[in-house]
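Working notes, beginning with the structure itself.
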Protein chains: 2
Amino acid sequence: MQSEDRPIGRKRNPIIEEARRRQIIDAAIETVASVGYAQASLSRIAQHARISKSVISYHFAGKDELLEQVVKQIYADTWTFIQARLETETTAAGRLRAYIQSNLDYLRSHRSRVLAVGDIVGSHRAADGTPRFATTTDESVITLLTDILRQGLDDGEFRDFDPQVVAVTVGQALIGALGRWAVDPTVDLTAYANELITLFDRATRK
Amino acid sequence: MQSEDRPIGRKRNPIIEEARRRQIIDAAIETVASVGYAQASLSRIAQHARISKSVISYHFAGKDELLEQVVKQIYADTWTFIQARLETETTAAGRLRAYIQSNLDYLRSHRSRVLAVGDIVGSHRAADGTPRFATTTDESVITLLTDILRQGLDDGEFRDFDPQVVAVTVGQALIGALGRWAVDPTVDLTAYANELITLFDRATRK
DNA sequence: CTGATAGTAGGCCGATCGGCCTAATAGATA
DNA sequence: TATCTATTAGGCCGATCGGCCTACTATCAG
């Protein structure tokens with residue numbers, strides 16, 4: 001009888017397994033970044049990674065899972081970065097400012113990754129044509145911002161407004177900044193961030 | 001020799017030709033509205049219009065031209081509506097307010113059409129994967145808003161800000177409203193409009 | 001050495017799409 | 001009526017995609 005934990009055949013380190021997945025995920029990101037989501041077929045991704053298409057099928061359940069991992073990874077990185085900045089602020093106004101600032105800071109230093117994930121989130125659809133990531137992603141951002149704003153409202157820090165509306169608008173403002181910067185990389189994101197911070201500070205203060 | 005203006009064969013009224021195009025355009029709008037852009041193949045559109053696929057090919061150069069006409073028509077209608085509202089205002093602040101208000105008013109009374117064109121603009125890509133309408137559409141909206149804002153800046157009506165940034169943010173805010181309303185039709189667009197008007201009024205005033 | 005098995009390569013399959021071709025139809029003109 | 005041509009129906013074609021299958025390779029246990 002065999003040991004269940006030790007099958008007979010080749011048993012590489014699971015680290016290699018994980019490394020392979022990372023390699024494929026990275027290749028997917030780079031492919032989307034260079035040719036866009038619409039052209040990023042499994043063939044193109046495999047070609048970019050210099051592997052066979054079936055390697056992707058072997059390590060991922062399908063294209064859906066691969067893209068899901070891509071989005072998940074980049075969002076996790078982004079969130080880690082932003083969260084650290086949020087924690088240094090105590091007031092709602094400060095947290096709102098920090099959110100805008102850190103968001104655009106992150107974009108600036110991870111251009112291709114952010115553009116790639118933006119393309120994927122905006123373009124990838126389920127079999128029935130409904131957006132696969134766009135809604136859930138937006139929802140989580142809006143929830144976070146709404147919480148910050150509601151705190152400020154409860155503390156009497158802000159004027160009276162609908163936190164949902166302002167949250168959506170802040171989120172969309174950042175997407176707008178990303179869009180402008182995607183079209184024209186010479187846009188000064190630092191100045192852009194300052195403009196938005198002033199805009200929403202005036203929009204929310206008493 | 002034949003008269004050039006009067007060929008021998010059947011020569012229906014060109015009005016019928018135009019009516020056919022309108023019928024196809026309407027069918028395309030309804031198809032996108034009901035099943036989404038991703039599922040709106042030429043077959044589906046033809047099926048919805050109860051005609052053969054080749055009728056579309058006969059009256060339009062291709063899917064690109066059909067969708068172009070769809071977008072062009074709906075934008076023309078929208079613009080006519082909004083422009084009338086803008087003309088009643090003289091101050092920049094008033095025009096900005098009217099723009100936001102009339103935009104959301106139009107959405108409310110033409111839900112399916114606006115959602116359809118939004119889906120098309122956001123999803124339709126050229127053969128190389130680049131957005132076909134999204135960029136040019138955004139650009140024209142931003143240009144219009146920038147002009148309004150610049151007028152207000154020149155007249156000393158507004159505080160000092162970058163009109164590009166505010167224009168992009170206003171445009172995105174409206175897209176955000178559309179997005180929320182697409183997900184949840186019970187959203188009160190009148191209240192939403194008032195929130196946005198107040199928000200941007202405070203954001204731009206001196 | 002030998003067998004078992006994880007991992008990889010390459011190619012094939014069914015589905016879908018937009019575009020195109022061909023034949024049939026119908027109405028206007030002579 | 002005979003004929004010409006605008007219009008339509010239906011089906012086919014080439015391309016592309018994601019997923020799957022089969023065979024080959026490399027490595028490790030015994």
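No hydrogens, no waters, no symmetry mates; every other heavy atom, side chains included, goes into these values. Naming: A, B, ... by sequence-line order, numbering from 1 per chain. Note that this is a predicted model, so its numbers are computed, not measured.
- Closest of all the heavy-atom pairs between B:Ala40 and B:Ile45 is O-CD1, 3.9 Å.
- In this structure, B:Leu42 atom CG and D:dG10 atom P are separated by 16 Å, rounded to whole Å.
- The nearest whole Å value for the distance from the CD1 atom in A:Ile24 to the P atom in C:dG7 is 11 Å.
- For B:His59 and D:dA6, the shortest distance from a side-chain N or O to OP1 or OP2 is not below 4.0 Å.
- Among C:dA9, D:dA9, D:dG19, the nucleotide with an atom closest to any side-chain atom of B:Val55 is D:dA9.
- OP1 or OP2 of C:dT8 has not a single side-chain nitrogen or oxygen of A:Tyr58 nearer than 4.0 Å.
- Looking at heavy-atom distances under 4.0 Å, A:Ser54 makes contact with a base.
- Per the geometry, CD belonging to B:Gln23 stands 14 Å off P belonging to D:dT7, to the nearest Å.
- When rounded to the nearest whole Å, the span between CD of B:Gln39 and P of C:dA15 equals 16 Å.
- Atom CZ in B:Arg125 sits roughly 15 Å away from atom P in C:dG18 (whole-Å rounding).
- In this entry the distance linking NZ of B:Lys63 with P of D:dA15 reads 20 Å, nearest Å.
- The minimum heavy-atom distance between A:Ala98 and A:Leu86, with the atom names listed, is CB-CD2, 4.1 Å.
- For B:Lys53, the listed nucleotide lying nearest its side chain is D:dG11; candidates were D:dG19, D:dA9, D:dG11.
- Distance from the side chain of A:Ser52 is smallest to C:dA9 among D:dA9, C:dA9, D:dC17.
- A residue-by-residue look at B:Ile51 and A:Ser43 shows that B:Ile51 has its nearest nucleotide of DNA chain D further toward the 5' end.
- Following rounding to the nearest Å, B:Gln47 (CD) and C:dG18 (C1') show an atom-to-atom distance of 16 Å.
- Look at B:Arg44 and you won't find any side-chain N or O under 4.0 angstrom from OP1 or OP2 of C:dC17.
- In this structure, CD of B:Glu65 is placed 11 Å from P of C:dG19, rounded to the nearest angstrom.
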Problem set entry | Trace of the salt bridge (Lys or Arg N to Asp or Glu O under 4.0 Å) decision for A:Arg113 with A:Asp26 | CA-CA 10 Å; A:Arg113 306 202 127 212; A:Asp26 288 343; 3.6 Å; yes
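- Legend: residues meeting side-chain contact (heavy atoms from CB on, under 4.5 Å) with B:Asp147, ordered by chain and number and at least two apart, are B:Thr143.
- Atom CG of residue B:Leu196 and atom OH of residue B:Tyr99 lie 12.5 Å apart, to the nearest 0.5 angstrom.
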